[in-house]
Colleague: 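The following block contains the structure, expressed as structure tokens.
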Amino acid sequence: MSRKILISVFIISLFGVGWLQSAIAADETEHILQKTITSNTPEFISGREGDPTAMKGFTITFDIFLNGTQVGTGTGEVTVLDPPVNLNDRYTHAIIEIVNTLPGIGSYEVTAHSLSLTSSTSVASGDVVSAWAGSISNGTGTLENTFGLSSGTGVANIFAGTGEMTEVLRIRTGF
């Protein structure tokens, strides 16, 4: 008799956990976006405009692609937490604030913490490798009630003003 009760409790628990997982993830989706940086313009510490040793961050613009098709554009700011930018440091911490615009759908913001890899080996080439993680908020249009997480990696060249990024979005709507 106790074996029958134990099996019944196990089956009920199994169905309960499965129902809970499906309820939690019911409105959650994952999207992988490719982004091509079209401009990467340095921002300078006030009063030191144009001084390459006084960069406090960058303003970026980019095109957004989903499955190889362009679906939108974006703009953003990358602000170094301890300016000025020092390309001889191995790691740099920054805050990324971007707006992704998808015509006919809406827009959403991503605010994230970034860790960028620079070093004396990349100063000559100008390549900066970054990774970030943050939140999705302030949706407009059909994305008005969209919230979630953004994470990704990218490589940008500060001299050429170009680069590539891959962003993974975990989105919940109607939150």
Side-chain angles (χ1 to χ4, degrees), residues 29-143 146 148-171:
T29 60
E30 180 176 283
H31 302 281
I32 299 174
L33 302 177
Q34 301 296 323
K35 296 181 176 183
T36 300
I37 298 171
T38 54
S39 74
N40 185 13
T41 308
E43 292 184 355
F44 299 95
I45 295 170
S46 181
R48 296 182 59 190
E49 287 75 11
D51 180 353
T53 65
M55 290 184 287
K56 67 177 183 179
F58 301 91
T59 300
I60 62 172
T61 61
F62 50 88
D63 294 328
I64 303 169
F65 297 86
L66 179 64
N67 298 326
T69 302
Q70 184 174 353
V71 294
T73 60
T75 61
E77 290 187 17
V78 178
T79 305
V80 175
L81 292 179
D82 187 20
V85 172
N86 183 347
L87 294 178
N88 290 314
D89 286 345
R90 290 188 183 191
Y91 298 103
T92 302
H93 294 270
I95 298 296
I96 297 175
E97 297 175 302
I98 61 174
V99 176
N100 296 285
T101 303
L102 309 173
I105 299 172
S107 67
Y108 64 92
E109 295 178 17
V110 172
T111 303
H113 178 259
S114 171
L115 180 63
S116 298
L117 172 63
T118 58
S119 72
S120 59
T121 60
S122 68
V123 171
S125 68
D127 287 336
V128 177
V129 178
S130 297
W132 71 89
S135 63
I136 298 167
S137 62
N138 298 327
T140 65
T142 58
L143 302 173
T146 299
L149 300 175
S150 165
S151 64
T153 60
V155 176
N157 186 287
I158 63 168
F159 301 134
T162 59
E164 299 289 329
M165 301 181 287
T166 300
E167 181 177 30
V168 178
L169 305 172
R170 289 291 289 192
I171 298 173

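For this chain, numbers begin at 1 and follow the sequence in order. Only this structure's heavy atoms are used, side chains among them; waters, hydrogens and symmetry mates stay out.
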Colleague: With rounding to the nearest 0.5 Å, note down the distance linking CG in N67 to CD in Q34.
Modeller: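 The distance works out to 9.5 Å.
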Colleague: Measuring from atom CG of L149 to atom CD1 of I171, what distance do you get when rounded to the nearest 0.5 angstrom?
Modeller: 10.0 Å
Colleague: Flag the pair N40 / N157 as yes when at least one side-chain heavy-atom distance between them is below 4.5 Å, and no otherwise.
Modeller: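 Side-chain contact under 4.5 Å: no.
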Colleague: Evaluate the side-chain proximity of F58 to T79: yes if any heavy-atom separation is below 4.5 Å, no if none is.
Modeller: no
Colleague: Rounded to the nearest 0.5 Å, what's the gap from NZ on K56 to CG on D82? Could you check?
Modeller: 14.0 Å
Colleague: Between the side chains of K35 and E167, is the shortest nitrogen-to-carboxylate-oxygen separation below 4.0 Å, so that they form an ion pair?
Modeller: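 Yes, charged N to carboxylate O under 4.0 Å.
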Colleague: Run through L81, V80, V128 and flag the one making a side chain to side chain contact (heavy atoms under 4.5 Å, CB included) with T92.
Modeller: V80
Colleague: If you measure from CG on L115 to NE2 on H93, what distance do you get to the nearest 0.5 Å?
Modeller: 5.0 Å
Colleague: Less than 4.5 Å apart, any side-chain heavy atom of E109 and any of I136?
Modeller: no
Colleague: Less than 3.5 Å apart, any donor N or O on the side chain of E77 or T59 sitting next to an acceptor on the other?
Modeller: no
Colleague: Judged by atom type as modelled, is there a donor-acceptor pair below 3.5 Å linking the side chain of T111 to the main-chain atoms of S135?
Modeller: no
Colleague: Does some side-chain heavy atom of N138 sit less than 4.5 Å from a side-chain heavy atom of T140?
Modeller: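 A side-chain contact is absent here, since even the closest heavy-atom pair is not under 4.5 Å.
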Colleague: What closest approach, in Å, do A156 and I37 show between heavy atoms, and which atom pair accounts for it?
Modeller: CB-CD1, 3.9 Å
Colleague: Can T101 and S107 be counted as having a side-chain donor-acceptor contact under 3.5 angstrom?
Modeller: no
Colleague: With heavy-atom distances below 4.5 Å as the criterion, would you say the side chains of M55 and P84 are in contact?
Modeller: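 No; the side chains remain at least 4.5 Å from each other.
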Colleague: Any side-chain heavy atom of L169 within less than 4.5 Å of one from Y108?
Modeller: yes
Colleague: For the residue pair V71 and F65, establish whether any side-chain heavy-atom pair is separated by less than 4.5 Å.
Modeller: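 SC-SC contact between V71 and F65 ruled out.
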Colleague: Given side chains that start at C-beta, do those of T166 and I32 come closer than 4.5 Å, heavy atoms only?
Modeller: yes
Colleague: Between S150 and W132, do the side chains contain a donor N or O and an acceptor N or O under 3.5 Å apart?
Modeller: yes
Colleague: How far apart are the C-alpha atoms of I64 and L102, what are their side-chain angles, what is the distance that settles it, and do they pass the side-chain contact (heavy atoms from CB on, under 4.5 Å) test?
Modeller: CA-CA 8 Å; I64 303 169; L102 309 173; 4.3 Å; yes
Colleague: Between S130 and S114, which heavy-atom pair has the shortest distance, and what is it?
Modeller: CB-OG, 3.9 Å
Colleague: Under the side-chain contact (heavy atoms from CB on, under 4.5 Å) criterion, do D63 and T38 qualify, and how do the steps go?
Modeller: CA-CA 7 Å; D63 294 328; T38 54; 3.5 Å; yes
Colleague: Atom CD1 in I105, atom CG in N100: separation rounded to 0.5 Å?
Modeller: 11.5 Å
Colleague: To the nearest 0.5 Å, what is the distance between CG (D127) and CG (L117)?
Modeller: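 Here the interatomic distance stands at 10.5 Å.
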